[in-house]
Amino acid sequence: MTVIVHHLENSRSQRVLWLLEELGLPYEVRRYERNKVTMLAPPELKRVHPLGKSPVIDDGGQVIAETGAIVEYLVEKADGTLGPPSDRKGALRYRQFMHYAEGSLMPPLLLKLALGRVPLFGKRAQKRIQPMIDVHLDWLETELAGRDWFAGDAFTAADVMMSFPLEAARARAGLDAGRPKLAQWLARIHARPAFQAALTAGGPYAYA
């Protein structure tokens, strides 16, 4: 059965397209554009889900919101492909990064991105938020010091979850070559054929 992805431009939903490509599951993209003034999702998305947010998928009438929930659902649908490593430590890291991406890393990034649209006061507030973001980026750099992927030695769905916040950090929050492990990780994920295929499917994406 084909999964319908309600995909908002330049958003978390790019990860869902990428994961579907990695898993080889059939899907259809329904693309939405942001309001050019407010940068918010269009009202049409509320017809799909009451929150009016993206990503949302529809799999045979089963409508699911929230990126983490969607990722877990799709991994299960693909019989556990790209799921947690078999060793306990790897499995715990997988669970940690699946939740950490949205629970801890995205909030300060979103705050900085939002304040970037506020003149004068916004710039001062951004400078106060950046040290909080740096704590996260410094820790993540050490996490990748001894392995290529977040959960362990192999690529998993946890890397898919971590992609959007780290892409946003590179675009707007100081992630650069000064943190080489994170920069190399971004280069690795962007070089994956499935990632490139998802870009073609989803249309222009500002964070790649």
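Distance check, rounded to the nearest 0.5 Å: CE of M161 to CE of M106 gives 10.0 Å. To the nearest 0.5 Å, atom NZ of residue K53 and atom NZ of residue K46 are 8.5 Å apart. To the nearest 0.5 Å, atoms CG (L144) and CD (Q184) are separated by 9.5 Å. Atom CG of L20 and atom CG of L74 lie 5.0 Å apart (nearest 0.5 Å). Between atom CG of residue L17 and atom CZ of residue F195 there is a gap of 10.5 Å, rounded to the nearest 0.5 Å. D138 CG to L140 CG: the interatomic distance, rounded to the nearest 0.5 Å, is 9.0 Å.
Side-chain contact between I4 and R30 is present, with at least one heavy-atom pair separated by less than 4.5 Å. Counting heavy atoms from C-beta outward, W185 and S163 have side chains that approach closer than 4.5 Å. A heavy-atom distance below 4.5 Å is found between the side chains of L175 and L186. Using a 4.5 Å heavy-atom threshold, the side chains of S104 and H99 count as separate. At least one side-chain heavy atom of Q14 sits less than 4.5 Å from a side-chain heavy atom of L199. Looking at heavy atoms from C-beta onward, L82 lies in side-chain contact with L23 at the 4.5 angstrom threshold.
Checking side-chain atoms of R15 against main-chain N and O of T67 turns up no donor-acceptor pair under 3.5 Å. Using modelled atom types, one side-chain atom of S13 and one backbone atom of L8 make a donor-acceptor pair closer than 3.5 Å. With hydrogens and angles disregarded, no donor-acceptor distance shorter than 3.5 Å links the side chain of D59 to the backbone of Q62. When atom types are taken as modelled, the side chain of R34 and the backbone of E9 share a donor-acceptor pair closer than 3.5 angstrom. Without hydrogens or angle criteria, R31 side chain to G202 main chain gives a donor-acceptor distance under 3.5 Å. Side chain of Q130 to backbone of A173: a donor-acceptor contact under 3.5 angstrom is found. A donor-acceptor contact shorter than 3.5 Å links the side chain of Q196 to the backbone of H190. A distance-only check finds a donor-acceptor pair linking the side chain of R147 to the backbone of F150 [under 3.5 Å].
Heavy-atom contacts from other residues, nucleotides or ligands closer than 6.0 Å to CD of E66 number 12 or fewer. Within 6.0 Å of CD on E76 lie no more than 12 heavy atoms contributed by other residues, nucleotides or ligands. Taking a 6.0 Å sphere around CZ of R95, one finds it holds 12 or fewer heavy atoms contributed by other residues, nucleotides or ligands. The environment of R128 atom CZ is sparse: at most 12 non-hydrogen atoms of other residues, nucleotides or ligands sit within 6.0 angstrom. More than 12 heavy atoms of other shown residues, nucleotides or ligands fall within 6.0 angstrom of atom CG in D176. Within 6.0 Å of CZ in R192 there are more than 12 heavy atoms belonging to other residues, nucleotides or ligands.
Each of W149, F97, Y94 was checked for a side-chain contact (heavy atoms from CB on, under 4.5 Å) with D159, and the lone residue meeting it is W149.
When all heavy atoms of A206 and N10 are compared, the pair lying nearest together is N-OD1, 2.6 Å. The nearest pair of heavy atoms linking L25 to A78 is CD1-CB, 4.4 Å. What you find for A201 and V29 is that their closest heavy atoms are O-CG2, 4.0 Å. For the residue pair A69 and A65, the shortest heavy atom distance occurs at CB-O, 3.7 Å. For P108 against I129, the heavy-atom pair with the smallest separation is O-CG2, 3.6 Å. Nearest heavy atoms, A91 versus P85: CB-O, 3.7 Å.
Side-chain heavy atoms closer than 4.5 Å link hydrophobic residues (I, L, V, M, F, W, Y) into clusters, and following such links, possibly through other members, connects L110 to F164. Transitive grouping of hydrophobic side chains (ILVMFWY, heavy atoms separated by less than 4.5 Å) brings V5 and V71 into a common cluster. L182 is connected to Y207 through a chain of hydrophobic side-chain contacts under 4.5 Å among Ile, Leu, Val, Met, Phe, Trp and Tyr, so both are in one cluster. Residue M98 is not grouped with residue L92 when hydrophobic side chains (ILVMFWY) are merged at heavy-atom distances under 4.5 angstrom, including chains of intermediate members. Linking ILVMFWY side-chain heavy atoms closer than 4.5 Å, directly or via other members, places L105 and I70 in a single hydrophobic cluster.
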Audit row: D148, F155, side-chain contact (heavy atoms from CB on, under 4.5 Å) steps and yes/no:
CA-CA 8 Å; D148 286 343; F155 173 82; over 6 Å; no

Run W18 and Y205 through ring-ring contact (aromatic ring centres under 6.0 Å, His included) and show every step you take.
CA-CA 12 Å; W18 175 27; Y205 178 57; 10.0 Å; no

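Using a 4.0 Å cut-off between charged nitrogen and carboxylate oxygen, E143 and R179 do not count as a salt-bridge pair.
Under the 30°/60° scheme for interplanar angles, the aromatic rings of H6 and Y32 are found to be tilted.
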